[in-house]
Asks: 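Structure incoming, see below.
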Amino acid sequence: MICRGRWRLALLAVYVALTSRVAMPPPLVAQSAATASPKRAADLGYIECQGFVYPNRRFTLKLRPGERLDAVMVTKGDRVKAGQPLARIVDPSLPAKYLDLTARKNDYSILQDEIESLTLEITLHRAAAQRVAARIENLQKLKETLPDYPIDKEAEPLIDKKFEIEDQIQIGTARLARLHARFNSQQPMASLLDRELGAVRARIDQDLVAAPFAATVVERAPDPDRLASEGVVCELWDKSAFLIEVEILQHQLPYVQPGRTATIAVDFAHAKSVQGTVDSIEPGNLTPDASGHPKFKAVVKLEKPVPWLRPGMQVAVRVRSEGVK
C-alpha cells in the first residue's frame with residue numbers, strides 16, 4: 001500500500017512540472033492593438049474608391065417657352081447619325097418677334113440714313129458756297145479792271161446768298177452732331193438687335209432640330225402632343241466611350257492625378273475588369289456636405305467600352321499610386 005501511494009505522488013509531481021511549462025496566450029488588449037493599424041491603401045500601390053458610369057456625350061432636347069412640338073422623327077433605341085433630324089419644333093411667336101426686331105432695326109437704319117443724307121446735304125451746301133464765293137471774287141476783280149462797272153446789283157444778292165448758305169451749313173452741322181451722338185449711343189443696341197435677328201431667323205429657318213453627334217436615343221416623349229414647356233422631347237447618349245465620375249477626398253488628391261492608370265470593375269471579387277485613365281480632376285465643392293470633408297471629382301475615361309458596363313452603374317475604381325511621395 002505504501003509503494004502504491006509513493007508511485008501516485010511521483011506521477012502527480014511530473015504532471016505539475018509539465019503543465020507549468022505551457023505558454024499562456026497574450027492579453028486580449030495586445031491582440032486588438034496588433035490588428036488596429038492596417039496598411040494604408042497608398043502603401044498597396046493603389047487608391048480604391050467608388051464611381052458612376054456615364055456616356056461619353058449627352059444631348060437633351062427640350063421644349064423652350066412658347067414652342068410647340070410638331071413632330072418627333074425618332075423612337076427610343078434608334079441609332080442616329082450626326083445631322084439626322086430628330087424633331088420639328090415650331091414657335092408661333094417667332095414671326096411676330098422677328099417683325100418687332102425688324103421694326104426696331106429699321107428705326108436705327110432710318111437714323112443712319114438720315115445722317116448720310118444730312119452729310120451729303122452739308123457737302124452740297126459747301127460746294128454751293130464755294131461757287132458763290134468764286135463769283136463774288138470774280139466781280140471784285142472785274143471792278144478793279146473796270147472801275148465804272150456797276151457790280152453792286154450783282155454782288156449784293158450773291159453776298160446774301162453766301163450768308164444764307166453758310167447759315168444752312170452751320171445749322172446742318174449742329175444737327176449732324178446731335179444725330180451722331182444718338183447714333184453712337186444706340187450702336188450697342190443695334191449690335192444686340194443684329195444678333196437677336198440672326199438668332200430668330202435661324203430658329204425660323206431651322207425648325208428641324210438635328211442630332212449634334214452620332215448617338216443612341218435613350219429617351220423619347222411618350223405623348224408628344226401633350227408635352228409641356230421644358231418637357232424632354234428626346235435624349236441622346238454617345239456610348240462610343242464611357243466616363244467614370246469618381247468622388248475622392250482631399251488626402252487622395254496626390255495619388256489620383258491625370259494620366260494615371262485606373263482599373264474599373266463592378267466587383268473586384270469577380271474576374272471582369274477594364275483599364276482606363278484618369279482624364280481630369282474637377283474643382284471641389286465650396287460647400288462641404290454633412291460630413292464636413294472636402295470632396296473632389298475625378299473623371300476616368302475608359303480605353304474602350306465593354307458590354308458588361310452600362311451608364312448609371314456604380315463601379316469600383318482602383319487608381320495606381322506608385323511613385324507618389
Side-chain angles (χ1 to χ4, degrees), residues 55-74 80-126 168-215 217 219-221 224-238 280 282-283 285-287:
N56 186 34
R57 289 179 292 182
R58 289 172 284 178
F59 173 72
T60 302
L61 177 60
K62 295 182 178 181
L63 280 185
R64 289 176 288 193
E67 291 182 337
R68 176 175 56 84
L69 183 60
D70 186 61
V72 184
M73 303 173 184
V74 292
V80 297
K81 300 178 181 179
Q84 180 175 334
L86 301 175
R88 179 181 290 107
I89 297 177
V90 179
D91 188 347
S93 65
L94 285 181
K97 185 176 182 180
Y98 183 79
L99 291 176
D100 178 64
L101 291 173
T102 303
R104 293 166 61 186
K105 175 66 176 178
N106 288 340
D107 292 340
Y108 184 79
S109 300
I110 290 172
L111 178 59
Q112 188 174 13
D113 293 340
E114 191 174 355
I115 289 175
E116 294 177 356
S117 176
L118 186 56
T119 302
L120 178 60
E121 183 179 341
I122 292 174
T123 302
L124 295 176
H125 284 328
R126 287 174 177 168
Q168 292 175 348
I169 292 174
Q170 186 176 1
I171 295 172
T173 302
R175 184 184 170 198
L176 182 63
R178 292 193 297 269
L179 291 177
H180 272 298
R182 286 177 54 193
F183 182 84
N184 293 332
S185 65
Q186 295 181 13
Q187 195 164 10
M189 181 59 67
S191 300
L192 179 61
L193 286 175
D194 283 337
R195 291 195 295 270
E196 289 185 358
L197 272 171
V200 172
R201 189 183 298 112
R203 288 178 61 185
I204 292 175
D205 295 339
Q206 298 177 357
D207 54 349
L208 285 177
V209 182
F213 46 78
V217 181
E219 198 65 48
R220 192 253 196 197
D225 295 334
R226 298 184 179 181
L227 196 63
S229 176
E230 300 297 329
V232 175
V233 178
C234 62
E235 184 173 352
L236 307 182
W237 285 2
D238 172 16
S280 62
E282 297 184 4
N285 189 358
L286 296 179
T287 305

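Not measured: the values here are computed from a predicted model.
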Asks: Looking at CD1 of I169 and CD of E121, how far apart are the two atoms once the value is rounded to the nearest 0.5 Å?
Replies: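 That separation rounds to 10.0 Å.
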Asks: If I compare all heavy atoms of H125 with all of Q168, which pair ends up nearest, and what's the gap?
Replies: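 Residues H125 and Q168, closest heavy atoms: CE1-OE1, 3.0 Å.
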Asks: Ignoring hydrogens, what is the shortest heavy-atom contact between K81 and A211? Give both atom names and the distance.
Replies: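 Shortest heavy-atom contact: O-CB, 3.5 Å.
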Asks: Is there a side-chain contact between F213 and V80 (heavy atoms, below 4.5 Å)?
Replies: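 No, every pair of side-chain atoms sits at 4.5 Å or beyond.
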Asks: What heavy-atom pair brings S229 and R64 nearest, and what distance separates the two atoms?
Replies: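 Distance-wise, the nearest heavy atoms are OG-C, 4.0 Å.
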Asks: Any side-chain heavy atom of V90 within less than 4.5 Å of one from E67?
Replies: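 No, their side chains stay 4.5 Å or more apart.
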Asks: Should we count CZ of R126 as having more than 12 external heavy atoms under 6.0 Å?
Replies: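 No, CZ of R126 has 12 or fewer neighbouring heavy atoms, counting only those of other groups under 6.0 Å.
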Asks: Rounded to the nearest 0.5 Å, what separates atom CG in L179 from atom CD in Q112?
Replies: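 Answer rounded to 0.5 Å: 12.0 Å.
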Asks: Dump the intermediate steps for side chain to side chain contact (heavy atoms under 4.5 Å, CB included) on M73 and L208, then the final yes or no.
Replies: CA-CA 10 Å; M73 303 173 184; L208 285 177; 3.2 Å; yes
Asks: Output the distance between atom OG1 (T60) and atom CH2 (W237), rounded to the nearest 0.5 Å.
Replies: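 Nearest 0.5 Å value for the OG1-CH2 distance: 9.5 Å.
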Asks: Testing the basics here: between V74 and R220, what is the closest heavy-atom pair and its distance to 0.1 Å?
Replies: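 Taking every non-hydrogen atom into account, O-NE, 3.0 Å.
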Asks: Please tell me if the side chains of L236 and R58 come closer than 4.5 Å, counting only heavy atoms from C-beta onward.
Replies: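 With C-beta onward as the side chain, the pair stays apart.
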Asks: If you measure from CD1 on I122 to CD1 on I171, what distance do you get to the nearest 0.5 Å?
Replies: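 With rounding to 0.5 Å, CD1 (I122) is 10.5 Å from CD1 (I171).
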Asks: Counting neighbours of CD on E116 that are heavy atoms of other residues, nucleotides or ligands and sit closer than 6.0 Å, is the number greater than 12?
Replies: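 Yes, CD of E116 has more than 12 neighbouring heavy atoms, counting only those of other groups under 6.0 Å.
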Asks: Grab the two heavy atoms, one from L118 and one from G172, that are nearest each other, plus how far apart they are.
Replies: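 Of all heavy-atom pairs spanning L118 and G172, the closest is CD2-O, 3.6 Å.
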Asks: With side chains defined as the heavy atoms from C-beta onward, is the minimum distance between C234 and L86 less than 4.5 Å?
Replies: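 In contact.
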Asks: Answer whether the closest heavy-atom distance between the side chains of L61 and I89 falls below 4.5 Å.
Replies: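 The answer is yes, as the side chains (C-beta and beyond) meet within the 4.5 Å cut-off.
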Asks: Quick one: are P212 and R57 in side-chain contact, heavy atoms under 4.5 Å?
Replies: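 Not in contact.
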Asks: Taking the side chain as every heavy atom from C-beta outward, state whether E114 and S117 have any atom pair closer than 4.5 Å.
Replies: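 Contact flag for E114/S117 side chains = no.
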Asks: At what distance, to the nearest 0.5 angstrom, does CG of L124 lie from OG1 of T119?
Replies: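 It comes to 11.0 Å.
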Asks: Taking atom CG of L63 and atom CD of E230, what is their separation to the nearest 0.5 Å?
Replies: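 Between atom CG of L63 and atom CD of E230 there are 8.5 Å.
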